[in-house]
Amino acid sequence: MSSPVLIIGASSAMAEHCARAFAEEGRSLLLAGRDSTKLESIASDLRLRGAARVQVLPPFDGADAESIPPMLETALKEQPRDVLIAHGILPDNEACEQDSEAFLRSLDINFRSVLQICQILQHQLPAGGCLAVISSVAGLRGRQSNYVYGAAKGGLLTYLQGLRNRLQPQGIRVLSLLPGFVDTPMTADITKGPLFISAEKAGSLIHRAMKGTRDVVYIPFFWRYILWVIRCIPEALFKRLSL
Amino acid sequence: MPVPPAPSWGLQPPSQAAALQPLSHRPQALPETGALLPRGLGRSYGDVCLNDGGTLIATQGMDRLCQFDPESGILEAEAGISFDAILRFALPRGFFLPVSPGTRYVTLGGAIANDVHGKNHHRAGCLGRHILSLDLLRSDGRIYRCSRTEQAQLFRATLAGLGLTGLILRARIRLRKIQSPRIIEDRVPMRNLAHFLELSDAADESHEYHVAWVDGLAKGEEIGRGLFMRGNHEEEQQPLRYDPPRSLSIPMYAPGFLLNPLTVKAFNSLYAARGKKALIRHPSSLFPFFYPLDAVGNWNRLYGRRGFFQYQCVLPRENDAASMRALLDRIGRSGEASFLAVLKTFGSLPPEGLLSFPRAGLTLALDFPNRGESTRALFRDLDHIVRDAGGRLYPAKDACMSAEDFQRSYPALDHFRTLIDPAFTSDFWRRMHSEKAI
């Protein structure tokens, strides 16, 4: 009865927790990611939690543009209504300064592949559908410690703004998700401060945002105010700071 | 790369792992750095979950359900799943944990590795009895399926194995069928230790769960004064839901002076006042009954930055009452503030783990703020009483036990040693061996 939720990058911790929330509601799920073995173990978990149906899609890799169309083709046969794009990596910024291959690879994964997916999906989603994409608060102001990651996430936000504008008449909602610090394997090496939230919490906030009506959602809400302050700092001063 | 500090629940002593390996999926192989230790939610109080200079294998992301049979209630899940997550899955389906410790924020793997017990020990024994099998990844790269019939030695070593026999990947646990998410609870004020023993013996027959809260500051005739709590699952069919109360969280460390004898006395009196009148057949949500402290997240921070110790011992049946009186007397005279003192009779079901803590007798668990030498001096006296009674301490709680006491009170230790994984160790394990020479 209910049209499925397509989750791209489904083995990311936040996406997996979001998928669990959909499963508990009895929705059907389509899972896409790099590693089918991982996705199969996630799929059996989601089935037990109550998902009506879970299908693992052909593997795709954000760094490999050719792997995307076959994955989406299989997904679109199931007529998904809601989509979450969650794949991404946190590249080592210093390594990117030295190694152009690592640099380009991170852009492929965090930026190009996401746009490639959205370009296809924008023609396929039904009215009332939701296209949610995980960007990052890092995309709102470039900092020396992670501007490569930030640039990809910032570019994504601009793209999503335009796409939102473009799809508005068709009743398709484009949702930009802006997580702050989330305790996931991606941030394992960072000391956890009080601003960190668990992947489970982030997943449930994303789930709630996808069911809501807003266009831009910070995960959790307080990052909106933190970023407002950070964006108020004049560039002439900001460039001297080591944030 | 710097590794975020990950203290134990008692918040002391400082220990810094050199590396943290988060697992979100079953690894093909273990890290090759040696000195490994799995770590779940870090709820053990002392140093069994610490690995100074070594690698902690963080298992929290390994938290998937694998299989569930609604007929038998057998659940197979990855070891990093928390008891909270199991409840969230199981309660709406009419099942409960077969054995529950005082917090639901422990992982399945951690609960197995400490062979935890609960308020139903007199009926159900330790958690290990309800584990049907487990998959253990060892540093030789092999995955061992362990159960009572396969790799039985390794199975018995891994129950209560303190994470030293390898990494538990997944386990099969038999859940308990329930009709209602409520507990029919009694709270009976108890006058003293003799009264406790009377109530406890009677409750062994009549109630699936029982435990007592004891005023750690009572003296003389009043020793053992407190509140006896017993309960059974409601047998009438009720809507099955997972509905924990909203919890608050302690956002930061409390200043050290907050917890002093006066505030603790006030707290204890409040708690005692609550129990002045017996409460009989009170239907209660199972969350406050089983997990009263989970209502306050990070309550350990109330003890301030110096942290606290929990002292938990068991005294064997033969001489438990007299020795328990001696323990409570020494604690009462010390005046060392103790927020929570829990007293419980263990049943006679033998635990299966080689290093399982429970045995038939009386167990006492109390928290002590870390006051340095005066706290340790008190512990030395308590250790003496426990030693003379032939009792022992619980590694999951311990930060102070002597290697000698450990050696003496866990007779299967030599056998256990032959079954540990050579690449695994912990601060606790090193502590139990470093003093040996002295």
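Note that this is a predicted model, so its numbers are computed, not measured. Protein chains get the first letters and strands the later ones, always in sequence-line order, with residue 1 at the start of each.
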ask   = Heavy atoms, side chains only, cut-off 4.5 Å: are A:W223 and A:L195 in contact?
value = yes
key: pair A:L72-A:F60: side-chain heavy atoms closer than 4.5 Å   = no
remark   = Of A:D183, A:D45, A:T184, A:D35, the largest count of non-hydrogen pairs under 4.5 angstrom with chain B goes to A:D45
Parallel, tilted or perpendicular, as decided by the 30° and 60° cut-offs, for the rings of B:W299 and B:Y45 = tilted
message = Does any backbone or side-chain atom of A:R47 lie under 4.5 Å from a heavy atom of chain B? Answer side chain, backbone, both or neither.
response = neither
message = Would you say the ring centers of B:F96 and B:F290 fall short of 6.0 Å from each other?
response = yes
task = Measure distances from B:Q60 to the heavy atoms of chain A and classify the residue's part below 4.5 Å as side chain, backbone, both or neither.
result = neither
Interchain contact, B:F68 with chain A, by part (heavy-atom threshold 4.5 Å) = both
